[in-house]
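Below is one structure; the comments refer to it alone.
A note on names: the letters A, B, ... follow the listed sequences, proteins ahead of strands, and every chain is numbered from 1.
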Amino acid sequence: MATVSLPLGDAPSAPRPRLRVSDYLRWSVDHKIIGVQYMVTAFFFFIVGGALAMLIRWELLTPTMDVVANGSQYNTLFSVHGLVMIFLWIIPMMAGFGNYLVPLMLGAKDMAFPWLNAFAFWLIPPAGVLMIASWLVGPPEAGWTQYPPLSTLFSGDGQTLAALSVHLLGISSILGAINFIVTILNMRPEGMSIWQIPLFCWAILATSIIIVMATPFLAGALTLLILDRIAGTTFFDATRGGDVLLWQNVFWFYSHPAVYIMVLPGMGILSDVLSVHSRKPIFGYKMIALSSMAIAIVGFTVWAHHMFTSIQPELRIPFMITSMIIAVPTGIKIFSWLGTLWGGKIRFTTAMLFSLGFLSMFVIGGITGVMLAMVPFNIHVHDTYFVVAHLHFVLFGGAVFAIYSGVYHWFPKITGRMLDERWGRLHFVLTYIGFFFTFFPMHFAGMLGMPRRVAVYMPEFQGLNTVASLGSFVLGISTFILVYNAIASLRAGKLAGANPWRALTLEWATSSPPPATNFIGDPVLFDDPYGFGTPAASDYLNAIDRRFGAPEPGAPAAPRPAAPAAPQPAVGD
Amino acid sequence: MTSNQLGSRTIFIIIIAGVALILGGLVISQVTPLIFPVQASAESLQIDNLFRIALVIGGAIFLLVQGLLIYSIVRFRARAGDTSDGINLHGNATLEIVWTAIPAVIVLVLTVLSYQVWVSIQSVKDDEMTVKVTGARFAWSFAYEVPDPRDTSQKLTVNSKELHTYVGRPMKLEMVTQDVIHSFWVPAFRMKQDVMPGRTTTVRFTPIQTEETYPVRYPIKCAELCGSGHGEMVNWLVVHKDEADYMAWFNQQLDLVLNPPEDPVARGRQVLASGAYPCAGCHVLADLGWAGLTGPSLNGVGDRAATVRASATGLSPEEYLDRSIYYPNEYIVPGFGAGLMPQFQANDPQGANYMSLDDHFAIVAYLCTQTSTGESACDLDRLRSLVFGNS
C-alpha cells in the first residue's frame with residue numbers, strides 16, 4: 001500500500017545546525033527552541049517536586065513527626081509537590097514534546113501561531129516563581145485539590161499565590177492547546193489525511209480539545225477561590241450562603257479530564273515508540289486514534305467519582321457507570337499495543353524499555369482505577385494511600401515513564417546526538433524497581449487503614465512505609481542518571497544521523513537537529529507513518545540515510561540492512 | 001484481513017489460557033483477607049467480597065497483560081544481526097471487537113454487583129440507634145440524645161469522645177462539622193462519609209461479632225485533609241458485647257450528666273473528658289490521655305499561667321486562662337500558630353463554638369489545677385466573678 005517517490009531530491013549542502021545555549025534563554029518563536037524551553041523548564045520543576053517527595057518519604061520513614069516541625073509544614077510539602085508535579089512538570093513537559101514534534105511530524109515549518117506559542121511558554125517561568133514564592137509567604141496547606149473552607153478560611157497567604165500561579169499555567173495551557181488544534185487540523189502537508197498523522201498528533205489533538213474545554217472551569221473555580229480569600233466573597237463559605245461542594249464539582253470537572261491531559265500525550269508517545277522499536281505497524285491505528293477521542297469525551301462525565309464520599313448518595317451510581325465505561329477505550333489501547341508487539345522484531349532500546357515499563361505498570365493503575373470506580377469499595381479506600389498508589393501508577397507509571405521513553409526516543413532528533421544506552425538501561429532498571437517498591441506497597445497501606453496526607457500514622461504501617469521510602473530514594477537517585485547521561489551525551493554522544501531508529505514519520509526525514517525551517521525544500525512523505533515490513537518502507541528509510549546521513553558507526557541506533565548491491569547515488573552529491 | 005477461521009488448536013490454546021488466567025485470578029484473590037483490617041461490620045463482609053470478585057477479574061487481566069507482554073518480549077525479540085522488520089500487519093477487526101466487548105462485559109458485571117452492594121449497605125435498617133457526630137479540628141465528638149429521665153418531655157444529651165455501640169445494633173450517624181471538611185472513617189467497618197459545612201450527612205453500619213474479646217476498640221480516623229493536626233485526628237469506636245454491657249456504660253455516663261460533681265474542678269475534668277469540646281485534638285494533657293500536637297501542651301498549664309504567661313501578658317492566672325478560651329488569638333504561645341483554635345462564645349446556644357458559662361468556669365477551674373503540686377494556681381472566687389460577672 002505504501003508508495004514513495006525516490007530518490008528524495010537533491011541535498012543542498014546545509015551545515016549541521018549548531019545548538020547555542022543562548023538561543024534557549026531568550027524569546028524565540030521557533031517551535032523547536034520553545035519545545036526545548038518547555039522541556040528543560042519542566043524538568044527543573046520535576047527535580048523541585050521530586051525533592052519535596054524525598055522529604056515526604058523521609059518524614060514517613062517513622063510513624064512520628066520528626067523531619068518536619070509540625071503538621072502545617074508537612075501539608076505544605078505534599079501540597080506544593082502535587083501542584084508542581086501536575087502543573088509545572090507533566091503538563092508543560094507534554095506541551096514541550098508537542099511543540100517540538102507536531103510541526104515536524106506534519107512537515108510544517110512551525111506552529112500555526114508562533115508568537116502565541118512563545119507567549120504561552122513565557123507564562124510558565126513567572127508562574128513557577130509564584131508557586132515557589134507561595135511557600136515563603138505563608139504555607140499553602142490545603143493539598144493540590146485546595147478544598148475550601150480549609151483553603152479559604154485557614155490556609156496561609158501562599159494559597160492565593162499558588163492559585164494565581166495555577167491560573168497563569170491554565171492560560172498558558174489553553175493558548176498552547178488552541179495552537180495545537182489549529183496546527184494539526186490545518187498544517188498537514190499535501191497528501192496527508194487526518195488518518196495518516198502520527199498517533200502522537202492524535203493524542204495531542206485529543207488532549208488539546210480537553211484543555212480548551214476543561215481548563216476554563218479551573219480558571220472559574222480559582223477565580224472564586226481567590227475572591228473568597230482576598231475580596232471577602234463567600235462562594236464557598238457555608239455559614240454565609242456559599243457551598244463547599246461547588247468547588248469540588250467545578251474543580252474535578254477540570255481535574256479529572258486533567259488526568260487525561262497528562263496521560264493521553266504519553267499514550268501517543270507510546271504508540272510511536274512501540275511501533276518503531278518493534279519494527280511493526282501499530283495495531284489498530286483507527287481504534288487507538290478514536291479511543292483517544294472517546295476518552296476525551298467520556299472523560300467529561302466522570303468527575304464526581306472523586307467525590308464519592310461527599311456528593312449526595314443518589315448521585316454516586318450514575319458516576320460509577322460513566323467511570324466504568326471509560327475503562328473500555330483505555331483497554332483498547334493496551335491491547336492494541338500488545339498487538340503491535342506481536343510478530344514484531346523487538347529492539348530493547350532504552351526508549352522501548354520505558355514504553356514496555358509503561359505497559360506493565362499502567363495496567364495496574366487501570367485495574368485499580370476500575371476498583372476505585374466501584375462505589376462500595378471506593379467508600380473504604382477514598383482518600384487513603386490506595387488512591388495515592390493508584391494515581392502514581394497512572395501519572396508516574398504512565399505519564400512519566402512515557403516522558404522518559406520519549407526523551408530517549410527523540411533526544412537524537414533534538415540534539416543530533418544519541419543518549420548513552422548503558423546509562424539508559426541503568427536508569428530504566430532503577431526507575432522501574434524504585435517506582436514499583438515506592439508505590440505498590442501503598443495499595444496495602446491504604447486498604448489496611450492509612451489515610452493520605454498524614455505525617456503521623458499508626459505504627460503498624462511502618463513496614464510498608466519503610467519499603468516505600470527506600471524505593472523512593474532509589475527513584476530519586478535514578479533521575480540524576482538521566483541528567484548525567486543527557487549532559488554527557490550532549491557533549492560526546494555518538495552522532496545520530498537523521499533517522500537513527502529508522503522511523504517513518506516526518507520528523508525523521510530531516511537532519512538532526514533540524515534546520516531553522518525544519519525542512520530544506522518540501523519534505524518527502526511516506527504515506528503510512530507505521531508501514532514497517534514492506535520493501536517500500538525499507539527503500540524510503542535507505543533513501544533517508546543517503547540523503548541526510550546515517551548514524552555514526554557505533555551509535556546505538558537501529559541496525560541498517562546490508563548495503564544494497566548498487567547504491568543509487570543521490571543527485572547533487 | 002486474514003482468515004478468521006480458528007483452528008482447533010487455537011481454540012484449545014484459548015481455552016487452556018482462559019482457565020489458567022481465571023485460576024491465577026482466584027489465587028491472587030486469596031490475599032484479600034490479608035490486605036483488609038478485621039471485618040467488624042455487616043458492610044465489611046459485603047464490601048470485601050465485592051473486592052475479592054474484582055481482584056479475581058483484575059488479577060486475571062493483570063496476568064493476561066503481563067503474560068502477553070513477557071511472551072512477546074521473549075518470542076519476538078530481534079535476534080542479533082537481524083535487520084529485517086516485523087510483519088506488515090495493521091490490525092484484525094475480530095480481535096479488536098473482542099477486546100472492546102470483553103472489557104465492556106466485565107465492567108458491566110462489576111457495575112451491577114457494586115450497585116447491589118451499595119443498595120444493601122445504604123438501606124435504612126430497623127431499630128437504628130442514632131448518634132450525632134461532630135467533626136472539629138482535630139477531634140471527633142459524639143452526642144447521644146435521650147429523653148430526660150427527670151422529665152421525659154425534655155431531651156438530654158450525653159457527650160462522649162468515644163463512639164459506643166454493641167454487636168448487632170444498626171447505627172445511624174448524623175454528622176456535622178464545626179469548621180472545615182472532615183471525613184468519618186472506620187477502617188474496620190469499611191465505611192466513610194465526609195462531613196461538610198452547611199450540611200448534615202449520614203452514615204450507617206452494623207457492628208458484627210468478631211473473634212476478639214469485648215469491648216473492642218476500633219480507630220475512627222479523619223480521611224479528609226483538615227489542617228495541621230489531620231494525622232492525629234483519631235478517636236475510638238468501642239463495640240460492647242451486647243446491649244446489657246452497652247447500657248452499663250451508658251447509664252454510667254447518664255449518671256454523670258444527671259448528677260454532675262459539685263466541685264467545679266471535678267466537673268471541668270468531666271466535661272473535658274466527655275469530648276464535648278474538641279480540645280483533645282490539639283493539646284497534650286497527660287491527666288486525660290490527650291496527645292494532640294497542634295496546640296501548646298496543657299500539662300502544667302496552671303504553673304505557666306502563674307509564671308511565664310503572667311509576665312508575658314500581665315494577667316493573673318485565672319484571667320489568662322479565662323481569656324485564652326474566649327479570645328485564643330490575644331496571646332499566642334511562642335512556636336504555635338494563630339487562628340487555629342476555635343473562638344468559643346457563650347452568647348448563642350445555637351451558634352458555632354458555643355460553650356456555656358458553667359462549662360467555661362468548670363474547665364478553667366480544672367486547668368488551674370494542672371500544676372506540679374496539684375494545687376490550683378488560681379483564685380476561684382475571682383474566677384467566678386470574672387466568668388459570671390459581679391451579680
With a 4.5 angstrom heavy-atom cut-off, is it the side chain or the backbone of B/Thr202 that approaches chain A, or both, or neither? neither

Contact class of A/Asp237 relative to chain B, heavy atoms under 4.5 angstrom: neither

With chain B, which of A/Tyr457, A/Phe444, A/Tyr530 has the greatest number of heavy-atom pairs at distances under 4.5 Å? A/Phe444

Can you say whether B/Thr294 sits under 4.5 Å from chain A via the side chain, the backbone, both, or neither, judging by heavy atoms? neither

Who among B/Pro103, B/Gly198, B/Ser72, B/Gly59 has the most heavy-atom pairs with chain A under 4.5 Å? B/Ser72

I need the residue from B/Arg137, B/Gln46, B/Met191, B/Met233 with the largest number of non-hydrogen atom pairs under 4.5 Å to chain A. B/Arg137

What parts of residues 316-323 of chain A touch chain B if we use heavy atoms and a cut-off under 4.5 Å? A/Arg316, A/Ile317, A/Met320, A/Ile321

Taking only Lys NZ, Arg NE, NH1 and NH2, and the carboxylate oxygens of Asp or Glu, determine whether B/Asp82 and A/Lys345 approach each other closer than 4.0 Å. yes

Chi angles and distances behind the side chain to side chain donor-acceptor pair (under 3.5 Å) call for B/Asp194, A/Thr309: CA-CA 6 Å; B/Asp194 288 8; A/Thr309 58; 2.8 Å; yes

Chain B: which of A/Gly143, A/Gly331, A/Ser360 shares the most heavy-atom pairs with it under 4.5 Å? A/Ser360

Which region of B/Tyr71, side chain (C-beta onward) or backbone (N, CA, C, O), has a non-hydrogen atom less than 4.5 Å from a non-hydrogen atom of chain A, or is it both or neither? side chain

Rounding to 0.5 Å, atoms CD (B/Glu224) and CZ (A/Arg452) come to a distance of 8.5 Å

For A/Phe78, which atoms come within 4.5 Å of any heavy atom of chain B: side chain, backbone, both, or neither? side chain

Which atoms of A/Phe348 are under 4.5 Å from chain B, going by heavy atoms: the side chain, the backbone, both sets, or neither? side chain

Name the option with the most non-hydrogen atom pairs under 4.5 Å to chain A; the candidates are B/Ile73, B/Leu68, B/Leu50, B/Leu55. B/Ile73

Parallel, tilted or perpendicular, as decided by the 30° and 60° cut-offs, for the rings of B/Trp99 and A/Phe283: tilted

Looking only at heavy atoms and a cut-off of under 4.5 Å, which of B/Gln122, B/Arg79, B/Gln193 has the most pairs with chain A? B/Gln193

So, B/His90 versus A/Asp528: side-chain donor-acceptor pair below 3.5 Å or not? yes

Out of A/Ser310, A/Pro559, A/Pro313, A/Pro148, return the one with the most heavy atom pairs under 4.5 angstrom to chain B. A/Ser310

Atom CD1 of A/Ile325 and atom CG of B/Leu108: how far apart are they, to the nearest 0.5 Å? 9.5 Å

Would you call A/Asp243 and B/Arg199 a salt bridge, taking side-chain N to carboxylate O under 4.0 Å as the test? yes

Residue pair A/Met450 / B/Lys221, side-chain heavy-atom distance below 4.5 Å: no

For the backbone of A/Phe532 and the side chain of B/Asn88, can you confirm whether one donor and one acceptor N or O come within less than 3.5 Å of each other? yes

Measuring heavy-atom distances to chain B, does A/Glu314 have an atom under 4.5 Å in its side chain, in its backbone, in both, or in neither? neither

How many angstroms lie between atom CZ of B/Phe51 and atom CE of A/Met374, to the nearest 0.5 angstrom? 8.0 Å

Between chain B and each of A/Pro149, A/Ser72, A/Ala238, count heavy-atom pairs under 4.5 Å; write down the option with the most. A/Pro149

One should read off an interatomic distance between A/Arg453 CZ and B/Leu225 CG, to the nearest 0.5 angstrom, of 5.5 Å

Please state whether the side chain, the backbone, both or neither of A/Met307 comes within less than 4.5 Å of a heavy atom of chain B. neither

With heavy-atom distances below 4.5 Å as the criterion, would you say the side chains of B/Ser228 and A/Asn70 are in contact? no

A/Phe154 side chain reached by B/Cys226 side chain, heavy atoms, under 4.5 Å: no

Greatest number of non-hydrogen atom pairs under 4.5 angstrom with chain B, of A/Trp337, A/Tyr74, A/Tyr285, A/Trp342, falls to A/Trp342

Using heavy-atom distances under 4.5 Å, tell me whether A/Ile346 contacts chain B through its side chain, its backbone, both, or neither. both

Any A/Pro376 side-chain heavy atom under 4.5 Å of B/Ile121 side chain: yes

So for A/Ile364, is it side chain, backbone, both, or neither that comes closer than 4.5 Å to the heavy atoms of chain B? side chain

What part of A/Phe335 gets within 4.5 angstrom of chain B, counting heavy atoms only: side chain, backbone, both, or neither? both

Heavy-atom proximity to chain B below 4.5 Å, by part of A/Ile282: backbone

Just wondering, do A/Leu341 and B/Leu69 contact through their side chains at under 4.5 Å, heavy atoms? yes

With rounding to the nearest 0.5 Å, note down the distance linking CD1 in B/Ile57 to CD1 in A/Ile367. 10.5 Å

Ranked by heavy-atom pairs below 4.5 Å to chain B, first place among A/Gly446, A/Pro139, A/Ala558, A/Ser336 goes to A/Ser336

Can you tell me how far OG of A/Ser291 sits from CD of B/Glu96, rounded to the nearest 0.5 angstrom? 10.0 Å

Contacting moiety of B/Gln66, where chain A heavy atoms sit under 4.5 Å: side chain

Select one option (side chain, backbone, both, neither) describing which atoms of A/Thr239 are under 4.5 Å from chain B's heavy atoms. neither

Checking A/Leu150 against B/Ile181 for the side-chain contact (heavy atoms from CB on, under 4.5 Å) test, could you report, in this order, the C-alpha distance in whole Å, the side-chain angles of both residues, the deciding distance, and whether it holds? CA-CA 7 Å; A/Leu150 185 64; B/Ile181 302 173; over 6 Å; no

For the residue pair B/Arg190 and A/Phe377, establish whether any side-chain heavy-atom pair is separated by less than 4.5 Å. no

Of the backbone (N, CA, C, O) and the side chain (C-beta and beyond), which part of B/Asp179 lies under 4.5 Å from a heavy atom of chain A, both, or neither? both

May I ask you to decide if B/Gly227's main-chain N or O and A/Asn75's side chain share a donor-acceptor pair within less than 3.5 Å? yes

Looking only at heavy atoms and a cut-off of under 4.5 Å, which of B/Ala78, B/Gly231, B/Pro187 has the most pairs with chain A? B/Ala78

Answer yes or no: does atom CZ of B/Phe76 have more than 12 heavy-atom neighbours from other residues, nucleotides or ligands under 6.0 Å? yes

side-chain contact (heavy atoms from CB on, under 4.5 Å) evaluation trace for A/Met458 with B/Val234: CA-CA 10 Å; A/Met458 296 194 161; B/Val234 178; 3.9 Å; yes

Check whether A/Pro329 gets within reach of chain B through its side chain, its backbone, both or neither, counting any heavy atom under 4.5 Å. neither

Sort B/Thr201 into side chain, backbone, both or neither according to what part of it lies under 4.5 angstrom from a heavy atom of chain A. neither

Give a yes or no answer on whether the side chain of A/Lys280 reaches the backbone of B/Gly86 with a donor-acceptor pair at less than 3.5 Å. no

Taking the six-membered ring for Trp and the single ring otherwise, decide whether the centroids of B/Trp185 and A/His382 are under 6.0 Å apart. no

Below 4.5 Å, heavy atoms only, C-beta onward: do A/Met371 and B/Leu110 meet side chain to side chain? no

Contact between B/His230 and A/Val456 at the side-chain level, heavy atoms closer than 4.5 Å - yes or no? no

Side chain, backbone, both or neither: which part of A/Thr76 has a non-hydrogen atom closer than 4.5 Å to chain B? neither

